[in-house]
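Each chain gets a letter, A, B and so on, in the order its sequence line appears, and its residues count up from 1. Note that these values count all heavy atoms, side chains included, but never hydrogens, waters or copies made by symmetry.
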4 protein chains.
Amino acid sequence: MSRAEATNRANPATPATTAGRPRSKRAHAAVLETTRELLSTLTYDQLSVDRIAAESGVSKRTIYRWWSNKAAIVMEAATATDIPAPDTGTLRGDLVALLVGIFDNVATHRPAQAIRGLLCEAQFDPAFAEDFRGYIGRRRQLCLEIVIRAAARHELRAGVQPEIVADLVYGAYWNRFLIGHAPLDRAFAEQVVDTLLAGIEPHG
Amino acid sequence: MSRAEATNRANPATPATTAGRPRSKRAHAAVLETTRELLSTLTYDQLSVDRIAAESGVSKRTIYRWWSNKAAIVMEAATATDIPAPDTGTLRGDLVALLVGIFDNVATHRPAQAIRGLLCEAQFDPAFAEDFRGYIGRRRQLCLEIVIRAAARHELRAGVQPEIVADLVYGAYWNRFLIGHAPLDRAFAEQVVDTLLAGIEPHG
Amino acid sequence: MSRAEATNRANPATPATTAGRPRSKRAHAAVLETTRELLSTLTYDQLSVDRIAAESGVSKRTIYRWWSNKAAIVMEAATATDIPAPDTGTLRGDLVALLVGIFDNVATHRPAQAIRGLLCEAQFDPAFAEDFRGYIGRRRQLCLEIVIRAAARHELRAGVQPEIVADLVYGAYWNRFLIGHAPLDRAFAEQVVDTLLAGIEPHG
Amino acid sequence: MSRAEATNRANPATPATTAGRPRSKRAHAAVLETTRELLSTLTYDQLSVDRIAAESGVSKRTIYRWWSNKAAIVMEAATATDIPAPDTGTLRGDLVALLVGIFDNVATHRPAQAIRGLLCEAQFDPAFAEDFRGYIGRRRQLCLEIVIRAAARHELRAGVQPEIVADLVYGAYWNRFLIGHAPLDRAFAEQVVDTLLAGIEPHG
DNA sequence: ATTTAATCGAGACGGTACGTCATGTCTTCGG
DNA sequence: CCGAAGACATGACGTACCGTCTCGATTAAAT
C-alpha cells in the first residue's frame, strides 16, 4: 500500500478519467529515484527541490504539482523499504528483533537516515506532521501487534497497556537515534527489552 | 552552572589579556533577551538571526562573533530555565515528578518549545550536536541521580542499568513530544513509570 | 544601437530556445528606471543593489541573474542618453560643439554624473573595464569622425593622427571633470580647441 | 616637504608641547611603510584599513586619530616619490620628458598605481577631493613651469595659455591611464607633444 | 479528424535568510 | 594624553532555496 497520501496532492479518490494529458509515470518515478540516489550521498538538509529537479529532469513546476514540498517527496521516496514484522514466538524475541530491524534499517540503508529530516519538518509544519504521524503509526503498529500477540500467549502482565509499551520501545530508539549519545546495537536492544520485561523494581 | 559553552565561541577559560574593549554585557544580554521574547511569539524556524539583530539592536557582526549560528544563540537563550530535580523519597514519585516537570516546562514556557529546533539542528550539524548532547546530558543527569538514589534505598532490581532507564524514561517523553500522537500529561507520566517499575511480563 | 552588452549577462545573440518563462520586461525596465531615479538623488557610491532591489520590487536574485554588479546596471541605466554628433561644417565648430555637448550632458542630466562611478569601477575590475572601454569607444567615435571629415575638407595638417587628437580632446574633458580644478564651460571648450588647432609653438 | 596636510588631522601649527604621551614616530612610519608594502601586492581597492592596522601593528584607533580614512593614508604613503622636473632646454624635450617621467613612475613603481584609487575617492568625497587637487596641483606646476620657461625662450605662440596646455598634456595622460585603451609609452608622449606643438590645422 | 484540457520541460520571478566584509567609532588598560 | 587591543553598529555584499509563475510543446480522451 502506498504511503504519503495526504501531502501528496494528487492520487484522487476517483481517477475520473477526465480529458487532458495523463500524469507522467516517468516523471513520478524519476523524482523518487533521483531523491533516493541523492539521499545516499547527501543528508536531508543538503537535499533541495532545485537539485532534485535538475538531476531528475523533472521541472519544479511538475514536482510541486504532485508534492507539496521536499518533505513530502522524501516521505514517499525514503520510506519505501519496510521494517520486517518479526514473529519469533516469544515477546522478548519479537521486541529484540523489532528493534534490531529498525537499527539495521537506518544503519545500512543510507536514505533511511532521512527520517531525521522528516521528523524535523514535522516539528514546524502541522500538515506534514499529520502525514508523518500516519507513517509512524504504521510502523508503530508492528509493536502493538507483537504486544497483543504476547497477551494472547499470556506473556503479558495484566494491566499493561500496549500503547505505553510502544512509547517506551520506540522512545528508546528515537532517544538514542536523535541525540546520538550511544550506539544503536543489539546489546542496547536486549538491555532495553530485558529492562522493560522484568521492570526496574524488585519483585517477589 | 552556565550552559552552552562550546558553540558559544568565547568564554575563554582564562580571560587572558585585559587589553581591548571588553565584551559588551549589554549586547550579550540584549541578544538573549530578544531571542527569548521572539520565541514567545515565533517558532524556532520562524526565528532568524537578521530579526534578532534588528530587534536587539546588536549587529549581526557582533552576534556572529559570539555565536556560530541561530542554534547556538537559542541554546543559550532558551535553556536557561532549569527542570527541577525532584526528591520525593520514592523512585515512583521521583520519576513521575521528573516527567511532569519536563512536561510542564514545555507546556507553560513557550520558548522551551525551541528545544524542537535545537534537536533538529543537531541532526545535521555535528559540532552543534556535541553541544546539544552536553545540555541534554545535564538534564539526563537528573534521572540518573534518581535511579542511583533509589538503588541506595534498595528500590532497584539487581542488574538494572541506570543508563537504560534514562533512555526509556526520556525516550517516552521525546517520542510523544516530537511525534505528537498523544498528550504529555500526568496520566501518561504515571503509566510510563508504573509500566517501567513493574515490567511488562508477569512475575511471581 | 544598444549599449552594455557584455557585462549584461543575457541578451544572447540568438533568442535560441523559446522554452521557459520569458524574461520579464517589467523587471528589466523597473531596475533601470529605479536606478535612474535613485541616481538623480544619490551619487554612484551611495547607490546599492539592495536599494535598487527594494525600490524596484525586483528581487536581488533576478538582478544578479542579468547584471553582474552595480556597475553593469548603472552602465545600462545611465548611458542611455546620447551625446549629439555635431556637424557644423568646420573642424573648430564640430570640436567645440562636441565638448559643449559633453559638458551639458553631465551638467544637466544628474544620472550622467554616474560616469564617475563607472570609471572608478573600471579601475579595479578588468571585466567591467572592457565593457566600459566599449562604451567610451562609441563616444570616442564621434570625435574620430569629426577629424576624418575635417581631413576630407583639407582642414587637417598632414601627419596628424585622429587617435591622438581624440586623446587630447577627451583628455581635456576627463582631466577637468575628474579633478575638478576648473569649470567645464564653453570658454574652456573654445580655448582647448583653439590651442589644439593652432598649436602652441609659433609658426611662420 | 610632506604632502597631504589637510586630511591628515594632526600636524598642528603649534606643536604646543602639551601634557601627555607624545605622538609615536614609530606608529606613523609603520603605517606608511606597511601601506607601501601592501600596495606593491594589492590594488587600492583590495587594501583596507583593517589590514594596514593588522600588518603594521598600529591600532585602528591610532590610525584614525591621524588620518581621516584610507585615502588620506595612501595619499601620504604613495605620493612620496617625486616626478622629476625636466629641463632639457627645449619645450618639446621638456614636455616629452615630463610625460615619459609620469609614465615610468606608474609603470615601474607599483604603489604609484594607487593614484587610481585616490582619483576614485576624490570623486565622491569633497574634502578629500580638495586635498587631491592640492597634490595634483603640485605635479601640474611642473608643466606650467616648462611652458613659462618656453615662453621666455620665445618658443611659445602668443596667446597660448599655460593652464590650457597643462589640461591638454595631463589630460592625454589621464585619458589613456584611466581608460586603458592604448599603452602609455614614449611613442605616445612624442605624438602628443608633436601634435600639440604644431597644432592640427594646416598653417602657412 | 479535430477539438479540448491537463500535462510536461524549461526557467524566470519575488521573497527571505544566510554568513561575511569594511568602515569608522568606542572602550578598556597600560606606558 | 597616547597607543594597542579589540568590540561595536552600520550597511552592503553576493548566494541559496523556496514555492509560484509563465511560456510553448505534448498527449490522449472526448467530440
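- Following rounding to the nearest Å, C:Leu42 (CG) and F:dA12 (C1') show an atom-to-atom distance of 14 Å.
- Side-chain N/O atoms of A:Lys60 and base N/O atoms of E:dG11 include no donor-acceptor pair closer than 3.5 Å.
- Between B:Pro22 and C:Pro22, the one whose closest nucleotide on DNA chain E sits nearer the 5' end is C:Pro22.
- Counting only heavy atoms from C-beta outward, the side chains of D:Val74 and D:Thr35 approach each other to under 4.5 Å.
- Rounded to an integer number of Å, the gap from A:Lys25 NZ to F:dA28 P is 12 Å.
- Listed here is the closest heavy atom pair of D:Ile63 and D:Val58: CG1-CG1, 3.8 Å.
- Note on residues 50-63 of chain D: pairs passing salt bridge (charged side-chain N to carboxylate O under 4.0 Å, His left out), not counting sequence neighbours, are D:Asp50-D:Lys60, D:Arg51-D:Glu55.
- Residue C:Arg65 places at least one side-chain N or O under 4.0 Å from the OP1 or OP2 atom of E:dC13.
- For F:dC21, the base has a donor-acceptor partner in the side chain of C:Arg21 [N/O atoms by modelled type, under 3.5 angstrom].
- The nucleotide whose nearest atom lies closest to any side-chain atom of D:Trp66 is, among E:dT25, F:dC8, F:dG3, F:dG3.
- The base of F:dC8 is not paired with the side chain of B:Arg61 by any donor and acceptor separated by under 3.5 Å.
- Distance from the side chain of A:Arg26 is smallest to E:dG9 among E:dG9, E:dC18, F:dA9.
- Atom OH of C:Tyr64 and atom C1' of F:dC17 are 18 Å apart (whole Å).
- A heavy atom closer than 4.0 Å to some atom of DNA chain F occurs in no member of residues 44-56 of chain B.
- Comparing E:dG24, F:dT22, F:dA4 by their nearest atom to the side chain of D:Thr62 picks out F:dA4.
- No donor-acceptor pair closer than 3.5 Å links the side chain of B:Glu130 to the backbone N or O of B:Pro126.
- Both tests do not hold together for A:Lys70 against A:Phe128: distance to the six-membered ring centre under 6.0 Å, angle to the ring axis within 45°.
- Looking at the side chain of B:Ala27, the nearest of the listed nucleotides F:dA5, F:dA9, E:dA10 is F:dA9.
- Note: CZ (C:Arg23) to C1' (E:dG14) measures 16 Å, nearest angstrom.
- Contact annotation for C:Ser24: backbone-only contact, meaning every heavy-atom pair under 4.0 Å involves sugar-phosphate atoms and none involves a base.
- Stacking of C:Arg26 on the aromatic ring of C:Trp66 is not recorded, the 6.0 Å distance cut-off and the 45° axial limit not both being met.
- With sequence neighbours left out, the side chain to side chain donor-acceptor pair (under 3.5 Å) criterion links B:Thr43 to B:Asp45, B:Gln46.
- Along DNA chain F, the nucleotide nearest to B:Val58 and the one nearest to C:Lys70 differ in position, and the one closer to the 5' end is contacted by B:Val58.
- At whole-Å resolution of the value, CD1 in B:Ile63 and C1' in E:dC18 are 13 Å apart.
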